[in-house]
Amino acid sequence: MLHRSWILGALGLIGGLLAGCTGASQSGSDGGETSLPEGYERVVRPDFSMRGGDGHAINNPFYGGFNTPRPQFVDIDGDGDEDLFVQERSNRISFFERVTEGDSARLVWRTDKYQDLDVGEWFRFADLDQDGTPDLLAEQPYSYIRVYRNVGGPQTPRFERYADTLRTPDGTGLFSDRQNIPNVTDLDGNGRLDLCLGRLDGTVTRYEATDTTGMPTFARVTDNFEGIEIVNRQLGVRHGANTLTFADVDEDGDPDLFWGDFFEPGLLLIENTGSRGNPVLSGAPTPFPPGNPIETSGYNAPTLTDWTGNGRLDLFVGVLGGANDANTSLVDNFYFYEHEGDRYRLRTRQFTGGLDVGSESAVAAGDLDSDGTPDLLVANKIDPKKGTTSLVYPLHNTGTATAPTFRRGDALDLPSAYHYAPALGDLTGNGRSDLVIGTWKGKITLHKSTDDGGFEAAAVTMDTNLRHATPALGDLTGSGRLDLVVGRADGGVVLFENTGSAAGPAFERSTTLLSASTERSRSTPALHDLDGDGTLDLMIGAKEGPFVIENTGTPQAPAFDAVPQPVSLDGVPRLATPAVADLDGDGRMEVVSGTERGGLVLFQPRP
């Protein structure tokens with residue numbers, strides 16, 4: 001049986017990675033608060049850099065990407081600037097601290113599960129008890145409102161659950177459709193907070209706090225606030241899932257209302273034409289920003305803050321993906337508009353940075369250009385722009401072995417297919433990494449490397465009959481040739497022995513290394529000598545979590561334990577696809593992985 005202590009030691013021995021075992025190394029787990037085994041830590045912004053195709057530096061390159069970001073800015077640490085919180089998944093809030101360095105400021109990722117708070121499908125920070133520190137509202141599944149009270153100080157926030165749901169004075173729980181993100185503000189300037197809930201029919205229900213101090217109860221004011229009834233501009237019908245945000249965008253002293261909707265490709269503003277003591281929001285919704293309205297796949301979640309420090313509210317929009325082909329917003333989904341004078345200038349569609357190719361990225365490491373330094377390949381599930389094929393991008397190391405700079409190149413010229421999974425290894429004995437690539441339908445193809453760092457058309461094509469074929473390469477049989485190990489959708493792993501020559505590989509199905517199981521799915525294998533005994537062990541990623549299987553055989557005759565042993569790697573993202581390589585030339589191996597969100601995450605040995 002493999003014990004946790006064995007795993008800790010094994011990860012420290014990854015530096016003994018066998019020559020040629022540079023194929024895609026994929027694994028998966030549920031993710032969460034980053035706490036890797038001893039000796040490794042997650043690093044979002046390493047010492048080396050990554051650049052886009054146009055040469056621009058990518059901030060936070062190894063964050064892992066976004067698919068459905070729900071952002072909010074709040075000064076959580078009382079240092080006078082706004083920090084960023086983003087929800088990407090149920091029950092998890094990511095925290096980016098704004099750190100000022102001289103005359104510049106940047107966002108520093110801290111965690112993907114802030115204080116282990118369970119927030120359901122949405123969250124809102126608001127100072128509910130009016131003590132000067134932000135409290136938290138979140139979804140109490142299903143469709144009620146959970147309350148966390150901030151019991152820490154201004155610089156040391158600490159949240160404790162206060163109530164399972166907000167209630168009216170008579171004790172009735174406040175129902176809030178879980179698809180809708182509400183908001184809190186003092187609409188009429190009377191010192192009591194107002195809670196506004198968007199409804200599926202396009203109307204707004206307003207509640208008002210019954211007290212001005214302490215944790216409030218909320219009394220219902222109206223189910224048809226200001227007669228608001230959001231109607232789709234093209235279809236002319238009422239519709240559902242929505243987001244509400246209040247901000248004084250016209251700087252007249254009262255809060256205006258922003259509405260994002262599942263069926264609305266833009267963002268709508270309902271201007272408050274009344275006064276602080278008498279809000280009037282009965283005007284027609286208008287697209288925002290004026291003159292240059294945002295248009296996405298829909299279900300846009302806005303938040304506003306003075307990010308640039310010019311005294312004007314800048315606009316940020318997370319795209320949750322609505323009725324207008326949500327696949328198109330898998331990459332460009334965190335918009336930043338700078339408020340300059342009377343206009344809003346679009347600065348970026350990927351505010352926090354990070355390499356992002358869409359969704360369910362898969363990564364492989366190898367030397368693409370024979371310069372002795374590792375390069376990377378990263379594939380996506382489907383092209384977000386055209387939606388017709390998976391794409392595979394090279395990340396060439398244009399720096400040196402000890403000072404790498406990875407630059408994204410154009411997508412490889414490959415036949416159209418769904419959900420590519422790449423692996424790299426020298427299968428032809430020319431010193432360059434060849435490409436083996438699997439697909440969802442089970443086909444695996446071999447593409448020989450070319451002198452210019454590219455790949456030829458498929459030299460070998462195999463139909464494995466293994467749905468969601470995910471390959472890895474390594475010499476399991478001691479022949480001096482790389483064998484092929486393939487994971488599959490039902491959780492199994494199959495060995496295809498390389499019976500060809502050093503220059504011409506040929507794969508024959510040999511044996512099942514891991515049988516299908518109802519406890520695993522989407523197995524994604526990697527081969528590494530974890531315990532330093534000269535044999536390649538199996539690391540198995542699965543939708544349900546990562547596993548390892550010790551190779552108790554010999555370098556010529558592998559034998560794997562029948563029962564995979566789970567590994568506690570809380571920092572590994574969902575549907576991870578890691579590859580192992582010494583990316584910065586320090587003699588120690590990094591683990592880089594694809595993610596469900598379409599980006600990359602990086603784990604480095606601690607100094």
Side-chain angles (χ1 to χ4, degrees), residues 22-28 42-44 46 48-54 56-67 330-332 350 353-369 373-385 389-398 404-414 417-425 433-440 447 449 453-455 468 470-473 524 526 541 572-581 583 590-603:
T22 55
S25 309
Q26 294 138 3
S27 69
R42 182 176 170 189
V43 177
V44 169
F48 57 87
S49 65
M50 184 176 292
R51 296 185 177 274
D54 59 1
H56 75 278
I58 298 176
N59 295 321
N60 298 312
F62 291 97
Y63 173 65
F66 283 121
N67 284 343
L330 290 175
V331 172
D332 294 333
Q350 294 178 305
L355 180 80
D356 195 333
V357 296
S359 64
E360 297 189 24
S361 49
V363 67
D367 187 357
L368 297 176
D369 45 19
T373 62
D375 308 293
L376 299 172
L377 290 179
V378 58
N380 57 22
K381 179 179 180 179
I382 197 75
D383 177 10
K385 292 184 178 179
T389 184
S390 172
L391 297 176
V392 182
Y393 295 94
L395 301 175
H396 292 286
N397 182 359
T398 60
T405 295
F406 292 92
R407 182 163 178 168
R408 175 173 163 174
D410 294 333
L412 300 181
D413 184 11
L414 297 169
Y418 178 65
H419 215 313
Y420 274 135
L424 289 168
S433 293
D434 304 297
L435 171 64
V436 171
I437 195 160
T439 69
W440 181 265
H447 303 261
S449 59
F455 298 98
H468 196 236
T470 54
L473 293 168
T524 51
V572 179
R574 287 172 58 90
L575 298 177
T577 62
V580 180
L583 296 178
E590 278 82 22
V591 180
V592 60
S593 175
T595 74
E596 182 184 41
R597 308 188 308 269
L600 295 178
V601 294
L602 176 70
F603 306 103

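The structure displayed is predicted, hence computed values, not measured ones.
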Run the numbers on L377 and Y393 for side-chain contact (heavy atoms from CB on, under 4.5 Å), then give the verdict.
CA-CA 6 Å; L377 290 179; Y393 295 94; over 6 Å; no
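Checking side-chain atoms of R407 against main-chain N and O of N397 turns up no donor-acceptor pair under 3.5 Å. Panel note: side chain S359, backbone R597; no donor-acceptor pair is recorded below 3.5 Å. A donor-acceptor pair is defined here as one N or O able to donate and one able to accept, closer than 3.5 Å; no such pair exists between the side chain of E596 and the backbone of R574. A distance-only check finds a donor-acceptor pair linking the side chain of S593 to the backbone of T577 [under 3.5 Å].
P394 is listed as a side-chain neighbour of L368, based on a closest heavy-atom distance under 4.5 Å. You'll find the side chain of V43 stays beyond 4.5 Å of the side chain of F603, heavy atoms only. Put simply, the side chain of L602 reaches to within 4.5 Å of the side chain of F48, judged on heavy atoms. At least one side-chain heavy atom of L435 sits less than 4.5 Å from a side-chain heavy atom of L424. At least one side-chain heavy atom of Y418 sits less than 4.5 Å from a side-chain heavy atom of K381. At least one side-chain heavy atom of D332 sits less than 4.5 Å from a side-chain heavy atom of Q350. The shortest side-chain heavy-atom distance between Y63 and R42 falls under the 4.5 Å cut-off. Under the 4.5 Å side-chain criterion, counting only non-hydrogen atoms from C-beta, N380 is not in contact with V331.
The one candidate from D383, L330, V378 that meets the side chain to side chain contact (heavy atoms under 4.5 Å, CB included) condition with V357 is V378.
Interatomic distance, L412 CG to H447 NE2, rounded to the nearest 0.5 Å: 9.0 Å. If you take CG on L376 and NE2 on H396, they are separated by 10.5 Å, rounding to the nearest 0.5 Å. Taking CZ of R51 as the reference point, atom NE2 of H56 lies at 9.0 Å (rounded to 0.5 Å). Atom-to-atom distance recorded for L355:CG and F406:CZ is 11.5 Å, nearest 0.5 angstrom. In this structure, the separation between OG1 on T470 and CD1 on I437 is 12.0 Å, given to the nearest 0.5 Å.
What you find for G353 and I58 is that their closest heavy atoms are C-CG2, 4.4 Å. Of all heavy-atom pairs spanning L473 and G425, the tightest one is CD1-N, 3.8 Å. What you find for P422 and A362 is that their closest heavy atoms are CD-CB, 3.7 Å. The two residues P384 and G358 have their closest heavy-atom pair at CG-CA, 3.9 Å. Nearest approach of T595 to G64, heavy atoms of both residues: OG1-O, 2.8 Å.
Side-chain polar atoms of D367 and S433 form no donor-acceptor pair below 3.5 angstrom. For the residue pair S49 and T405, a side-chain donor N or O sits within less than 3.5 Å of a side-chain acceptor on the partner.
Within a 6.0 Å radius of CG in D410, other residues, nucleotides and ligands contribute 12 heavy atoms or fewer.
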